[in-house]
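Okay, structure first, notes after.
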Protein chains: 2
Amino acid sequence: MKYAFIGTWRMSFESIKENINLLKKPDPKGNAIVNAISYIEDFPYYKSVGYGGLPNEECDVELDAGFMNGNTFQVGAIAGVKNVKNPIKLARELSYSKFNSFLVGKGAEEYAKKNGFEIKDMLSERAIQHYELKIKKLKENPQLSPYDGHDTVGMVSLDVANNMFAATSTSGLFMKKPGRVGDSPIAGSGFYCVSSIGGATATGLGEDILKGCLSFQVVEKLKNGISVKDAPQQVVKEFNDLLNLKLGYCGAISIVALDKDGNWGVGTNCEFSFVVGNQNEDVEIYIAKPNSELTSLQIEKPSKEWLENYDKKRRGTIE
Amino acid sequence: MKYAFIGTWRMSFESIKENINLLKKPDPKGNAIVNAISYIEDFPYYKSVGYGGLPNEECDVELDAGFMNGNTFQVGAIAGVKNVKNPIKLARELSYSKFNSFLVGKGAEEYAKKNGFEIKDMLSERAIQHYELKIKKLKENPQLSPYDGHDTVGMVSLDVANNMFAATSTSGLFMKKPGRVGDSPIAGSGFYCVSSIGGATATGLGEDILKGCLSFQVVEKLKNGISVKDAPQQVVKEFNDLLNLKLGYCGAISIVALDKDGNWGVGTNCEFSFVVGNQNEDVEIYIAKPNSELTSLQIEKPSKEWLENYDKKRRGTIE
């Protein structure tokens, strides 16, 4: 019996732990991954996904999500969407459409309203406080980059019947321009999944991830026989080096992946936390740290201090 | 001296002929491809690109465009955008941004206004007539599919200094839902380009093209040593067969490609016209017809009747 669940960032922990049991039965609709991502969308203290997500430069929360069925190649996605409580549910619904499976902006919102998806003001009080503090800091120091906080949740799931799914949800770059879209809703870049091979999903600077179709590249490497332990880091290193050479810089890139047998791997060019569990391993939080050449990764469990600090940063005073 | 220009559909002919000479000098900003696509955007009789493009189900023209610099991997894109005269110019401008390089909907329109891009009502009288006729036909025959007309213009260019670009522009599916986005503005799916290898761009049913990152796949095949004569058709056949197997259908897919030496190739699962010229060949219109297994293509120049009929369909009475 093989099953596995992997997700980006420490924030995936509770939701994967809660939903991994769904993968012990056939889950042909991807309920486990949609439930797990919805859980994070609903959680007010994660400031980069769903409710509580940080707003754009006009203080509007605009959300992106993507969903792929690895059996059928069906993809559904939304981008630049306001007031939809669970973007991932809308993305899955759209994946069933032969036409109009990727909707953006007002059109996606209208679709959500007409089709009974829950509508909600996604801007939390806490997100407003973050916004106001950032505006103040930018006034005090105009040299400061306005952009940070692009911690997309991305997950890949495998159930006992070999149904695989990949999915993402994000509020995107804090202080982004209205309408800005990164890699998250983009099949091939933010996520990709083929049940007979494996799946991958990315987080980081979307503008750079989508230059390289990085999730697709990981699945291609798996297809070509490269182990899931190695494929994501190879992709990150190769593209990181290429962009540095050709463009002169490369933003943060992190990728998590599963193969069809429930083995997992990650790739990253920065310190990156993730969550994984499968038929052999309990659901755990890990931190991956690459060496400076990106040729190897150190993967370890976080210390108690790290975990406490993470929690404090999310729930504590905004500063 | 090597240079080459390839574009989807017969509509690329005049614009490529007019702009191919720009490729005989170094063109590091992609002026040739942006001029050529702008020409088509401005031409009122092409009903799937720019002004005169067919509207969505609410009779709004919503435009998508993408641009990639094959030297730097910079990508700029817009989607679901109204009232911007030349979407491709906006996409190129966004490609220079480190952040916010893909904008959708109202945000993209605001960016265009603020940054001096020409604003124009893109709905032509003729497009309204097409819309009204379609509404009438759908009332008479509710079984009719509302969707047709997804003839994206996509081009790839190579100049004498080996600068390569890929770019697309489209009004998307006629009668689409508001906010619908296909493959055209999506790097890897609608277009992809690496100057040291080659570039490709796709047209057809965007919902299916983006399931497979097909432009990226063509460039990968070139990288792996497969000739540009073969790579696009291999990608189309492989993905067409895969989707038919896994999903039960596959929409229209056509791809044009150039390699870094100015050689060209196309792939398609339906009759498809395209335009190409390079250092050895004058700019010509061709029609590609695949055999039923998609294992080979017949490529020939169109007959006089075909050309006259094409023109009549675009300029003649709407029926």
Side-chain angles (χ1 to χ4, degrees), chain A residues 56 58 62 68 71-75 77-81 97-111 145-147 173 175-183 185-189 192 194-196 205-208 210-213 216-217 220 239 242-243 246-249 251, chain B residues 56 58 62 68 71-75 77-81 97-111 145-147 173 175-183 185-189 192 194-196 205-208 210-213 216-217 220 239 242-243 246-249 251:
Chain A
N56 68 17
E58 293 184 353
E62 292 188 319
M68 183 164 185
N71 297 334
T72 59
F73 291 82
Q74 285 168 304
V75 169
I78 60 167
V81 174
S97 301
K98 185 168 178 180
F99 303 102
N100 305 297
S101 53
F102 183 8
L103 298 180
V104 302
K106 266 232 144 335
E109 285 156 44
E110 290 305 316
Y111 181 95
S145 167
Y147 304 116
L173 214 52
M175 299 298 287
K176 66 187 174 186
K177 289 197 188 301
R180 178 267 186 189
V181 178
D183 64 305
I186 302 205
S189 290
Y192 203 72
V194 180
S195 295
S196 58
L205 184 59
E207 281 78 355
D208 288 351
L210 69 75
K211 293 177 171 85
C213 294
F216 183 83
Q217 283 206 41
E220 277 293 289
F239 197 67
L242 193 58
L243 265 203
K246 299 292 187 179
L247 182 59
Y249 66 85
Chain B
N56 68 18
E58 293 185 352
E62 293 188 318
M68 182 165 186
N71 297 334
T72 60
F73 291 81
Q74 284 168 304
V75 169
I78 59 168
V81 174
S97 300
K98 185 169 179 180
F99 303 103
N100 305 297
S101 52
F102 184 8
L103 297 181
V104 302
K106 265 234 144 338
E109 285 155 44
E110 290 306 314
Y111 181 94
S145 167
Y147 304 116
L173 215 51
M175 298 298 287
K176 66 187 175 186
K177 289 198 187 300
R180 177 267 186 188
V181 177
D183 65 304
I186 301 204
S189 290
Y192 203 72
V194 180
S195 296
S196 58
L205 184 59
E207 281 78 356
D208 288 351
L210 67 76
K211 293 177 173 85
C213 293
F216 183 83
Q217 283 207 41
E220 278 293 290
F239 197 67
L242 193 58
L243 265 202
K246 299 290 187 180
L247 182 60
Y249 66 84

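Given the structure is predicted, the values throughout are model-derived calculations rather than measurements. Proteins get letters first, then strands, A, B, ... in listed order; numbering begins at 1 in each.
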For [X], is it the side chain, the backbone, both, or neither that has a heavy atom closer than 4.5 Å to a heavy atom of chain B?
{"X": "A/Ile186", "result": "side chain"}
{"X": "A/Lys176", "result": "both"}
{"X": "A/Phe216", "result": "side chain"}
{"X": "A/Asn71", "result": "backbone"}

Next item on the list: Considering only heavy atoms and a distance below 4.5 Å, find which of A/Lys177, A/Gln217, A/Glu62 pairs most often with chain B.
Entry: A/Lys177

Note to self: Please rank A/Ser145, A/Gly105, A/Gly212 by heavy-atom pairs under 4.5 Å with chain B and give me the top one.
What the structure shows: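 Looking at each option in turn, the highest pair count goes to A/Gly212.
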
Check: Is it true that a side-chain atom of B/Glu207 and a backbone atom of A/Ser97 form a donor plus acceptor pair closer than 3.5 Å?
Finding: no

Atom pair [atom1] ([X]) and [atom2] ([Y]), whose distance is rounded to the nearest 0.5 Å:
{"X": "A/Arg180", "Y": "B/Asn100", "atom1": "CZ", "atom2": "CG", "value": "6.5 Å"}
{"X": "A/Met68", "Y": "B/Lys211", "atom1": "CE", "atom2": "NZ", "value": "8.5 Å"}
{"X": "A/Glu58", "Y": "B/Glu110", "atom1": "CD", "atom2": "CD", "value": "7.5 Å"}
{"X": "B/Ser101", "Y": "A/Leu205", "atom1": "OG", "atom2": "CG", "value": "8.0 Å"}
{"X": "A/Ser196", "Y": "B/Leu242", "atom1": "OG", "atom2": "CG", "value": "7.5 Å"}

Next item on the list: Take the angle between the ring planes of A/Phe99 and B/Tyr147 and call it parallel below 30°, perpendicular above 60°, tilted in between.
Entry: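 The rings of A/Phe99 and B/Tyr147 sit tilted, inter-plane angle from 30° to 60°.
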
Note to self: Which atoms of B/Leu243 are under 4.5 Å from chain A, going by heavy atoms: the side chain, the backbone, both sets, or neither?
What the structure shows: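 Contact with chain A is through the side chain of B/Leu243 alone.
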
Check: If you draw the axis of the six-membered ring of A/Tyr249, does the NZ or CZ of B/Lys98 fall within 45° of it and under 6.0 Å from the ring centre?
Finding: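 Yes, cation above the ring, under 6.0 Å and within 45°.
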
Item checked: Contacts of type side-chain contact (heavy atoms from CB on, under 4.5 Å), residue B/Ala79, not counting sequence neighbours -> B/Asp64, B/Phe102, B/Val104, B/Val181, B/Pro185

Check: Looking only at heavy atoms, what is the nearest atom pair of A/Cys213 and B/Ala187, with distance?
Finding: SG-O, 3.8 Å

Notebook entry, point to check: Do B/Leu247 and A/Gln74 come within less than 4.5 Å of each other through their side chains, counting heavy atoms only?
Noted result: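 Counting from C-beta outward, B/Leu247 and A/Gln74 do come under 4.5 Å.
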
